[in-house]
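All remarks here apply to the structure that follows.
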2 protein chains.
Amino acid sequence: MIDREGPVPPYRQIANALRARIASGEIPPGRRIPSLVELEDEFGVARDTLRKAVQVLKDEGLVETVTGMGIYVVQPDNAPSGG
Amino acid sequence: MIDREGPVPPYRQIANALRARIASGEIPPGRRIPSLVELEDEFGVARDTLRKAVQVLKDEGLVETVTGMGIYVVQPDNAPSGG
DNA sequence: TCTTATTTGTGCGTATGTATC
DNA sequence: TGATACATACGCACAAATAAG
């Protein structure tokens with residue numbers, strides 16, 4: 001799942017994978033993405049790595065984190081699309 | 001924000017900047033300094049560098065780390081002034 | 001209110017590889 | 001060779017918010 005030989009670091013690969021799921025509608029707006037524990041299990045990486053991957057998506061405005069709840073896909077209404 | 005040309009290494013500059021905020025009262029005793037993530041964003045340096053900067057302030061007794069909470073400005077009451 | 005479970009937030013310590021001075 | 005810095009990654013401990021009972 002994660003290619004540790006290539007030039008793309010794991011945290012970027014994970015960010016890309018999650019972004020693809022969001023873009024494809026697999027994880028629609030308002031929905032939660034898998035928890036860090038589940039992602040740990042799925043990708044076989046440390047939380048630190050997931051934290052960085054999530055940070056990338058947060059930076060892009062694709063997701064938002066809520067302590068005690070999870071990480072949610074930002075809805076178009078909430079998206080900073082300039083309006 | 002960080003001068004990478006001068007003789008003062010970034011971790012020292014950051015330590016100085018934080019020390020100034022504490023001295024000026026911008027971050028009063030008992031208050032938390034920005035998290036490492038926020039400082040990463042603000043200064044544009046690696047976590048490794050931030051941790052060294054914080055270590056300087058800890059060495060000076062200006063701040064204390066509380067696990068799971070953050071890094072706090074030491075209160076005069078708690079200062080190791082010999083009491 | 002308290003306990004239990006889940007989930008994110010925050011920092012510590014450590015390690016590897018690369019690069020500059 | 002050493003200090004400094006960046007990028008990446010793993011494992012660990014503890015705190016806070018949320019949810020359910």
Side-chain angles (χ1 to χ4, degrees), chain A residues 1-19 21-22 27 29-75 78, chain B residues 1-19 21-22 27 29-75 78:
Chain A
M1 203 159 302
I2 298 297
D3 174 22
R4 294 175 185 274
E5 308 297 311
V8 183
Y11 87 92
R12 292 288 310 177
Q13 294 181 46
I14 294 170
N16 291 341
L18 293 176
R19 193 188 302 104
R21 292 188 200 175
I22 294 171
I27 310 178
R31 281 278 294 164
R32 217 199 68 187
I33 72 173
S35 73
L36 295 183
V37 174
E38 291 172 312
L39 292 175
E40 267 184 354
D41 200 48
E42 176 178 343
F43 290 103
V45 299
R47 269 184 67 178
D48 183 55
T49 306
L50 294 171
R51 182 185 74 82
K52 296 194 69 171
V54 170
Q55 189 60 46
V56 170
L57 301 181
K58 284 169 74 175
D59 247 29
E60 296 172 355
L62 288 179
V63 301
E64 281 176 338
T65 49
V66 182
T67 306
M69 293 278 287
I71 303 165
Y72 292 81
V73 177
V74 171
Q75 303 197 40
N78 302 337
Chain B
M1 203 158 305
I2 298 295
D3 175 20
R4 296 173 187 277
E5 309 298 312
V8 183
Y11 86 93
R12 291 289 309 179
Q13 294 182 46
I14 294 171
N16 292 339
L18 293 176
R19 194 187 302 105
R21 291 188 201 174
I22 295 171
I27 309 179
R31 281 278 294 163
R32 218 197 68 187
I33 71 173
S35 71
L36 293 184
V37 174
E38 291 172 313
L39 291 175
E40 266 185 353
D41 202 47
E42 176 179 343
F43 290 103
V45 298
R47 275 179 71 178
D48 184 51
T49 306
L50 291 173
R51 277 154 66 165
K52 295 191 68 170
V54 170
Q55 189 58 48
V56 170
L57 301 181
K58 286 168 74 173
D59 263 19
E60 296 172 356
L62 288 179
V63 301
E64 280 177 341
T65 322
V66 182
T67 307
M69 294 276 288
I71 302 165
Y72 291 80
V73 177
V74 171
Q75 303 196 41
N78 301 339

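None of these values were measured; they are calculated from a predicted model. Proteins come first, then strands; the chains are lettered A, B, ... in the order of their sequence lines, and each starts at number 1.
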Can you list everything that forms a salt bridge (Lys or Arg N to Asp or Glu O under 4.0 Å) with [X]? Sequence neighbours excluded, please.
| X | result |
| --- | --- |
| A:E40 | none |
| B:R21 | B:E42 |
| A:R31 | none |
| A:R51 | A:D48 |

Could you list the protein-to-nucleotides 16-18 of chain D atom pairs, N/O on both sides, closer than 3.5 Å?
none

- Message: Going by side chain to side chain contact (heavy atoms under 4.5 Å, CB included), A:I14 matches just one of A:V56, A:L50, A:L39. Which one?
- Response: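 Among the candidates, only A:L50 passes.
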Rounded to the Å, how far apart are [X] [atom1] and [N] [atom2]?
| X | N | atom1 | atom2 | answer |
| --- | --- | --- | --- | --- |
| B:R51 | D:dT8 | CZ | C1' | 13 Å |
| B:D3 | D:dA5 | CG | P | 12 Å |
| A:E40 | D:dC12 | CD | C1' | 12 Å |
| A:D41 | D:dG11 | CG | P | 13 Å |

- Query: Does A:V74 reach the side chain of A:L62, with side-chain heavy atoms less than 4.5 Å apart?
  - Reply: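 No - every pair of side-chain heavy atoms lies 4.5 Å or more apart.
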Residues forming a side chain to side chain donor-acceptor pair (under 3.5 Å) with [X], sequence neighbours excluded:
| X | value |
| --- | --- |
| B:T65 | B:K58 |
| B:S35 | B:E38 |
| B:D41 | none |
| A:D3 | none |

- Item | Below 4.0 Å: OP1/OP2 of D:dA19 and any side-chain N or O of A:R32 |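 For D:dA19, neither OP1 nor OP2 has a side-chain N or O of A:R32 closer than 4.0 Å.
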- Query: Is any side-chain nitrogen or oxygen of A:Y11 closer than 4.0 Å to OP1 or OP2 of D:dT8?
  - Reply: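 So the side chain of A:Y11 is within the cut-off, an N or O lying under 4.0 Å from OP1 or OP2 of D:dT8.
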- Tell me, please, the opening and closing nucleotides of DNA chain C, 5' to 3', among those with an atom under 4.0 angstrom from a non-hydrogen atom of chain A.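 Result: C:dT7 to C:dG9.
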- Item | Earlier contact from the 5' end, DNA chain D, for B:R12 and A:R12 |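 First, find each residue's nearest nucleotide; the 5'-ward one identifies B:R12.
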- Query: In Å, rounded to the nearest 0.5 Å, how long is the span from OH of B:Y11 to NZ of B:K52?
  - Reply: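 It comes to 5.0 Å.
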- Task: With a 4.0 Å heavy-atom cut-off, tell me which residues in residues 42-50 of chain A come close to DNA chain C, sorted by residue number.
- Result: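 Contacting residues: A:R47.
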